[in-house]
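Report on one structure; see the data block that follows.
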Amino acid sequence: MDLTNKKRRRCLGVAVALTAVVAVLLSCQVKYGFNGASIDYSKTKTIQIADFPIRSSYVWAPMASIFNNELKDIFANHTRLTQVKRNGDLKIEGEITQYSQRNKAVTAEGTSAQAELSMTVNVRFTNNANHSEDFERQFTATASFETTQSFTAVQEELVTQMVEDIADQIFNATVANW
């Protein structure tokens, strides 16, 4: 057997092995995506996400729409679930229950040097394919800012940060099973 035939046999062997690996991978049902979602799409196809009203005593009006849009966007961008108005396989509903500001650090003169903004959302999750995963839970996020900055100047940025954090927490608790 000459050198060329050995190379051909070796290449053929590698090609057969690669084909077998690809066939095995394609035959497996993959449940985990790069985003951490753990959804069996053969059983779960739809999600119903209700708008979350603000039930906090302190209110910043744009907060509700920022939160509702971010929550819907994270599921639209990281899953193949179809969002529906009713009768979803998964259902997420709740309310923004707390939005507050408090002093976090004080200067030597006794004035506030840093403040912390906090947001809490109450979530009720229903998995109609597996009710053992249902829950009602609160999710909280905080953001700090220097009091040398105007609160109105940083409020939108801070709320956006907190909303992204809470939306990630909800996503992980509902479909990533973390």
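All figures in this text were calculated on a predicted structure; none of them were measured in a lab.
Here the straight-line distance linking atom CD1 of I66 with atom CD of E164 works out to 10.0 Å at 0.5 Å rounding. In this structure, the separation between CD1 on I74 and CZ on F171 is 6.0 Å, given to the nearest 0.5 Å. In this structure, CD on Q83 lies 8.5 Å from CZ on F75, to the nearest 0.5 angstrom. Atom CD of E146 sits about 4.5 Å away from atom CD of Q114, to the nearest 0.5 Å. Rounded to the nearest 0.5 Å, atoms OG1 (T120) and CZ (R55) are 15.5 Å apart. Here the straight-line distance linking atom CD of E70 with atom CG of N77 works out to 8.5 Å at 0.5 Å rounding.
Proximity of I92 to Q48: side-chain heavy atoms (C-beta onward) are nowhere separated by under 4.5 Å. Residues T82 and K45 have side chains not in contact (no heavy-atom distance under 4.5 Å, counting atoms from C-beta outward). Between I39 and T79 the shortest side-chain heavy-atom distance falls below 4.5 Å. Side-chain contact between I54 and M63 is present, with heavy atoms from C-beta onward closer than 4.5 Å. Contact check for E116 versus Q101: no side-chain heavy atoms found under the 4.5 Å cut-off.
With sequence neighbours excluded, the residues that form a salt bridge (Lys or Arg N to Asp or Glu O under 4.0 Å) with K72 are D51. Residues satisfying the ring-ring contact (aromatic ring centres under 6.0 Å, His included) test with F139, not counting sequence neighbours, are none. Under the rule for a salt bridge (Lys or Arg N to Asp or Glu O under 4.0 Å), D134 has no partner lying at least two apart in sequence or in another chain. R86 is linked by a salt bridge (Lys or Arg N to Asp or Glu O under 4.0 Å) to nothing, counting only residues two or more places apart in sequence or in another chain. Contacts of E95 classified as salt bridge (Lys or Arg N to Asp or Glu O under 4.0 Å), with partners at least two apart in sequence or in another chain: R124.
Between the side chain of K91 and the main chain of N87, no donor-acceptor pair closer than 3.5 Å is present. Here the side chain of Q169 pairs a donor or acceptor atom with the backbone of T140 at under 3.5 angstrom. A donor-acceptor pair under 3.5 Å is absent between the side-chain atoms of N127 and the main chain of L90, judged by distance alone. The backbone N or O of Y58 lies less than 3.5 Å from a partner atom in the side chain of S56, making a donor-acceptor pair. Formation of a donor-acceptor pair under 3.5 Å by the T44 side chain with backbone atoms of D89 is not found in this model.
Connection of V84 to I170 is not established within any shared hydrophobic cluster, with ILVMFWY side chains joined at heavy-atom distances below 4.5 Å, either directly or through further cluster members.
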Which donor-acceptor pairs under 3.5 Å do side chains of residues 153-163 form with protein atoms, sequence neighbours excluded?
residue, atom, partner, partner atom, Å
Q155, NE2, Y99, OH, 2.6
E157, OE2, Q161, NE2, 3.4
T160, OG1, E156, O, 2.8

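Between G94 and P53 the shortest heavy-atom distance is O-CD, 3.3 Å. Summarising the geometry of A141 relative to D165, their closest heavy-atom pair is CB-OD2, 3.5 Å, with the distance given to 0.1 Å. Contact between A173 and F135 at its shortest, heavy atoms only, is O-CE2, 3.6 Å. The minimum heavy-atom distance linking E93 with F52 is given by the pair C-CZ, 3.4 Å. A50 and N68 make their closest contact through O-OD1, 4.2 Å (heavy atoms, listed as atom of the first residue, atom of the second, distance).
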Q | Intermediate values then yes/no, side-chain contact (heavy atoms from CB on, under 4.5 Å), V121 and T97 | A | CA-CA 6 Å; V121 176; T97 58; over 6 Å; no
Q: Carefully, step by step, assess M119 and I96 under the rule side-chain contact (heavy atoms from CB on, under 4.5 Å).
A: CA-CA 8 Å; M119 179 178 177; I96 300 168; 4.0 Å; yes
Q: Go through V123 and Q138 one step at a time and tell me if the side-chain contact (heavy atoms from CB on, under 4.5 Å) criterion holds.
A: CA-CA 6 Å; V123 175; Q138 292 191 342; over 6 Å; no
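For the residue pair Q98/S100, the side-chain donor-acceptor check at 3.5 Å is satisfied.
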